[in-house]
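Everything below concerns the one structure shown next.
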Amino acid sequence: MIDLNKKRIKDVIEFLIVCMGVTFVFRFAIMPIKVDGSSMYPTLQDHDYAFMSRIDLNHIERFDIVTLNCKKLGNIIIKRVIGLPGEKIVYKDDQLYINDEKIEEAFLDISYIEQVKKDYNISCFTEDFEYTIGDDEIFVLGDNRLNSLDSRLLGCFKEKDILSKKGFVLFPFKNMKEVD
């Protein structure tokens, strides 16, 4: 009888330890997300499921993919960091300039952009604009610029709004890949 009670107590303790471990991982280490919409296409697709990292959010770099707490929409959004605190962002003729220096966006799918421009009979994938980023702010865009609600309309985001960065798409399996 005593051995049976000890086994039950041991099982309960093991279960609680596993629960606390899982809770810790999902609270402090990773964030599960489901992509909702096509604003990050073709990098991420609608209904992709991914785990994003909650670790090292104090070191955000240009072109990191991040999830953000968007208070204006009352939702979590996923976008790509284009501009960092204090920078001047200019798009002119589909070209990115940061502090007057031309910057290449190697992550963009040129064949997709050309097809979209042809399909919609447009000359620019990213409309021309200029924006100066404040201190402690970032400027984000979706990779599918024609179908993205991002900093162009929502304004800059505070660094504290960043919930996660980088990660890994797990499902659907055909889309499995690293998100960076």
Side-chain angles (χ1 to χ4, degrees), residues 18-71 73 75-85 87 89 91 94-98 101-117 119 125-126 131 133 136-154 156-180:
V18 168
C19 287
M20 289 187 314
V22 168
T23 300
F24 177 82
V25 167
F26 281 99
R27 175 73 174 107
F28 299 105
I30 61 174
M31 177 180 181
I33 64 145
K34 178 185 177 193
V35 177
D36 184 20
S38 61
S39 71
M40 287 299 293
Y41 185 84
T43 306
L44 297 171
Q45 299 190 33
D46 191 23
H47 303 297
D48 278 354
Y49 287 89
F51 283 131
M52 302 289 285
S53 174
R54 289 184 181 259
I55 298 171
D56 202 24
L57 296 181
N58 295 326
H59 295 95
I60 300 300
E61 297 178 4
R62 184 177 334 284
F63 303 141
D64 279 351
I65 294 176
V66 297
T67 59
L68 299 154
N69 180 19
C70 182
K71 294 172 187 87
L73 298 177
N75 205 354
I76 294 172
I77 61 173
I78 185 165
K79 302 294 177 194
R80 189 178 298 272
V81 176
I82 301 297
L84 300 169
E87 293 181 331
I89 304 293
Y91 266 91
D94 270 345
Q95 180 59 56
L96 169 62
Y97 297 88
I98 297 178
E101 182 181 331
K102 185 176 178 179
I103 305 292
E104 295 301 319
E105 297 176 279
F107 56 88
L108 290 176
D109 184 330
I110 302 303
S111 62
Y112 173 74
I113 291 171
E114 293 306 319
Q115 186 62 49
V116 167
K117 288 166 124 179
D119 289 348
F125 186 65
T126 307
Y131 206 98
I133 303 165
D136 190 39
E137 292 183 331
I138 59 168
F139 188 92
V140 297
L141 292 175
D143 288 357
N144 189 4
R145 307 286 165 76
L146 297 177
N147 190 24
S148 180
L149 187 54
D150 48 41
S151 286
R152 294 172 292 179
L153 293 172
L154 299 171
C156 290
F157 288 84
K158 296 287 187 186
E159 290 177 330
K160 69 179 181 177
D161 293 328
I162 299 170
L163 302 174
S164 64
K165 70 176 186 176
K166 302 183 181 183
F168 196 83
V169 174
L170 297 172
F171 187 79
F173 296 124
K174 66 182 174 112
N175 296 349
M176 192 179 289
K177 66 180 174 184
E178 188 174 357
V179 177
D180 60 357

Any donor and acceptor pair, going by atom type alone, linking the side chain of K165 with main-chain N or O of H59 inside 3.5 Å? yes
Side chain to side chain contact (heavy atoms under 4.5 Å, CB included) assessment of I60 paired with E159: CA-CA 9 Å; I60 300 300; E159 290 177 330; 5.9 Å; no
Any side-chain to backbone donor/acceptor pair from Q95 onto I103? Under 3.5 Å, distance only. yes
Measuring from K79:NZ to T67:OG1, what's the distance to the nearest 0.5 Å? 12.0 Å
Rounded to the nearest 0.5 Å, how far apart are CG of L68 and CG of N75? 11.0 Å
Working to the nearest 0.5 angstrom, can you tell me the gap between I33 CD1 and F51 CZ? 10.5 Å
When rounded to the nearest 0.5 Å, the distance separating CD1 of I65 from CD of E178 is 10.0 Å
For G142, does its backbone N or O pair with a side-chain atom of D150 as donor and acceptor, under 3.5 Å? yes
Note: I138 and I133 closest approach over all heavy atoms is N-CG2, 4.2 Å
In short, D94 meets T126 closest at the heavy-atom pair OD1-N, 2.7 Å
Between T43 and R80, does a side chain to side chain contact (heavy atoms under 4.5 Å, CB included) hold up when you go through it step by step? CA-CA 10 Å; T43 306; R80 189 178 298 272; 3.6 Å; yes
Distance-only, no hydrogens or angles: does the D46 side chain make a donor-acceptor pair with backbone N or O of G37 under 3.5 Å? yes
To the nearest 0.5 angstrom, please state how far the OG atom of S151 sits from the CD1 atom of I77. 7.5 Å
Nearest non-hydrogen partners of E137 and C156, listed with the distance: OE1-CB, 3.6 Å
For D36, I'd like to know if atom CG has over 12 heavy atoms of other residues, nucleotides or ligands within 6.0 Å. no
For the backbone of E61 and the side chain of D64, can you confirm whether one donor and one acceptor N or O come within less than 3.5 Å of each other? yes
Which heavy atom in S148 sits nearest to a heavy atom in L141, and how many Å separate them? OG-C, 4.4 Å
Whether the side chain of R62 engages the backbone of I82 through a donor-acceptor N/O pair (distance < 3.5 Å, no angle test) should be reported. yes
How far apart are the closest heavy atoms of M52 and S164, and which atoms are they? CB-OG, 3.2 Å
Please verify the inter-ring angle class for Y41 with Y112; under 30° counts as parallel, over 60° as perpendicular, anything in between as tilted. perpendicular
To the nearest 0.5 Å, what is the distance between CZ on F107 and CZ on F63? 5.0 Å
Closest non-hydrogen atom pair, M176 against L170: CE-O, 3.4 Å
Spell out, as yes or no, whether a donor-acceptor pair under 3.5 Å connects the side chain of N69 to the backbone of D161. no
If we ignore hydrogens and angles and just use 3.5 Å, is the side chain of R152 paired with the main-chain N or O of R145 as donor and acceptor? yes
